[in-house]
Structure formats: C-alpha cells, structure tokens
Amino acid sequence: MSKFFIYADGNDLSDARLAELEKVLGEFIKSDIPLAVEMAVVSAEEIRELNAQTRGIDKVTDVLSYPTLNDIKGKAIVGANYPFDIDEEGNLLVGSIAICTDRAKEQAEEYGHSYERELHYLLVHGVMHCLGYDHITDEEQKEMRAQEEQVLTKLGITRE
C-alpha cells in the first residue's frame, strides 16, 4: 500500500471524503514513495482559458489533467527514478488537475446523479490520467473506466 495525497485548492469535497479517496488511491497504486496530485476547482471561464492555453481548444470542459510522469501506467513507481519531481513534503508529484464546478453541476443534473458523485468521478478521472491512463481508443477507454469504477466502488460511490 502506498500513501497518496491530494493537495486541494478550493474544493467542494469534505476533508473526510478527500481522506477516504487518498486511502483508496494509495491501495490502488504501488510506490515506494508517497505520491501526490494537485487539484484546483475552477470556474467555467478559468477552465476555458486553461483549455485554450494548454490544448488549443477554446471551450469549457469538465476536467483537465496535467501528468508530470511518463510511462507509469500499471507499473510500480520508484521514487529514485524521479528525483526532480519530489516536492518539499517528500511526495512524488504525479500531476495537476483542474475541475470545473459549473460543468460538474451541469453533468450531475444531466446524468441524474449527485454533484458529489460527479466531483468524485472527475477527480478520479483526472488522477487516472496522471497515472498514465487514457481514453483515446475504445480499448483504452474500457481499461480506464474499469479502473475508475474500481476506485469509486471502494468509496461506495456507484451510479445512482
């Protein structure tokens, strides 16, 4: 079991829920060093600007992920391989995530589940991207969705 930390900036999830998610993610990943991800909750305008600046897509999206490590999907992470990605707390930063609360609220209503469930899903989705998962092909999408559902199920968050 690894330690996993979420550095949350302005989030709508309780500290207790974030702690639960950190615990489950720590069980999901094998690492000899504590891992961390940065998370920021942003407005529609902020995520549109980020999307335009970093991806060249000038539109609002629900979540953006910025992985810091390459080729780690499904592998045990060895801290010695990433000496320049260790933060001041001694955690290996695997990436940053921006979640649009406006879009999360819209999608929760659209999909007929709670805002909390949507936030958890988007955060887990972002973390999976930071861990090397993607959904470009159908096969990749199936694999990524299975990993997401595994984490959400351990949290007791199911499709409502």
Side-chain angles (χ1 to χ4, degrees), residues 1-44 46-51 53-55 61-105 107-108 114-136 140-141 143-157:
M1 183 166 112
S2 303
K3 289 194 180 228
F4 194 94
F5 298 98
I6 300 168
Y7 301 147
D9 178 22
N11 76 86
D12 287 355
L13 296 174
S14 70
D15 289 343
R17 289 304 273 172
L18 281 175
E20 286 178 57
L21 182 53
E22 288 173 336
K23 182 178 184 287
V24 170
L25 288 168
E27 295 168 356
F28 177 78
I29 305 158
K30 291 179 178 59
S31 176
D32 68 348
I33 186 170
L35 304 176
V37 67
E38 299 171 318
M39 178 191 76
V41 175
V42 299
S43 70
E46 289 170 310
I47 208 156
R48 185 196 63 74
E49 288 176 20
L50 272 172
N51 205 12
Q53 290 170 1
T54 61
R55 297 178 63 227
T61 191
D62 52 2
V63 61
L64 291 171
S65 301
Y66 302 97
T68 57
L69 309 178
N70 295 317
D71 195 33
I72 61 169
K73 181 177 85 172
K75 297 178 180 175
I77 299 171
V78 178
N81 293 338
Y82 306 98
F84 303 109
D85 295 298
I86 298 172
D87 67 19
E88 56 277 356
E89 281 87 31
N91 303 321
L92 178 60
L93 187 65
V94 297
S96 300
I97 301 165
I99 297 174
C100 178
T101 53
D102 300 325
R103 194 69 189 110
K105 289 173 185 171
Q107 288 177 176
S114 71
Y115 173 61
E116 181 184 33
R117 193 253 184 239
E118 188 66 16
L119 280 179
H120 277 87
Y121 170 74
L122 293 174
L123 179 51
V124 169
H125 183 82
V127 168
M128 290 301 154
H129 276 303
C130 291
L131 294 174
Y133 293 88
D134 213 333
H135 47 83
I136 295 171
E140 288 174 329
Q141 183 176 2
E143 178 184 33
M144 186 171 178
R145 294 290 181 262
Q147 301 302 331
E148 292 165 347
E149 289 301 323
Q150 178 183 348
V151 170
L152 292 169
T153 298
K154 282 190 174 192
L155 287 168
I157 299 172

Of the non-hydrogen atoms in [X] and [Y], which two are nearest, and what is the gap between them?
X      : Y      : answer
Asp102 : Ala44  : OD2-N, 2.9 Å
Ile97  : Ser65  : CG1-OG, 4.2 Å
Ile99  : Ile47  : C-CD1, 4.3 Å
Gly95  : Cys130 : CA-SG, 3.7 Å
His129 : His135 : NE2-NE2, 3.2 Å
Gln147 : Phe28  : OE1-CE1, 2.7 Å

Evaluate the side-chain proximity of [Y] to [X]: yes if any heavy-atom separation is below 4.5 Å, no if none is.
X      : Y      : answer
Phe4   : Leu21  : no
Arg103 : Leu122 : no
Asp87  : Phe5   : no

Legend entry - side-chain contact (heavy atoms from CB on, under 4.5 Å) partner of Arg17, the single match among Ile157, Leu123, Leu119, Asp12: Ile157

Legend entry - Lys30, NZ: over 12 other non-hydrogen atoms inside 6.0 angstrom: no

Inset, instruction - Report the C-alpha separation of Tyr82 and Leu93 in whole Å, then their side-chain angles, then the decisive distance to 0.1 Å, and conclude whether the side-chain contact (heavy atoms from CB on, under 4.5 Å) test is met. - result: CA-CA 9 Å; Tyr82 306 98; Leu93 187 65; over 6 Å; no

Under 3.5 Å donor-acceptor, [X] side chain and [Y] backbone:
X      : Y      : value
Asp32  : Gly79  : yes
Glu148 : Tyr121 : no
Ser31  : Ser2   : no

What's the spacing between [X] [atom1] and [Y] [atom2] if we round to 0.5 Å?
X      : Y      : atom1 : atom2 : answer
Ile86  : Asn91  : CD1   : CG    : 9.0 Å
Ile29  : Leu92  : CD1   : CG    : 10.0 Å
Gln150 : Met128 : CD    : CE    : 7.5 Å
Ile77  : Leu131 : CD1   : CG    : 6.0 Å
Gln107 : Cys100 : CD    : SG    : 8.5 Å
Leu13  : Ile6   : CG    : CD1   : 8.5 Å

Inset, instruction - Mind running side-chain contact (heavy atoms from CB on, under 4.5 Å) on Asp62 and His125 for me, showing each step along the way? - result: CA-CA 10 Å; Asp62 52 2; His125 183 82; over 6 Å; no

Legend entry - Residue pairs fulfilling salt bridge (charged side-chain N to carboxylate O under 4.0 Å, His left out) with at least one residue in residues 68-78, sequence neighbours excluded: Asp71-Lys75, Lys73-Glu143

Inset, instruction - Report the C-alpha distance between Lys23 and Glu20 in whole Å, list the side-chain angles of each, state the deciding distance to 0.1 Å, and finish with yes or no for salt bridge (Lys or Arg N to Asp or Glu O under 4.0 Å). - result: CA-CA 5 Å; Lys23 182 178 184 287; Glu20 286 178 57; over 6 Å; no

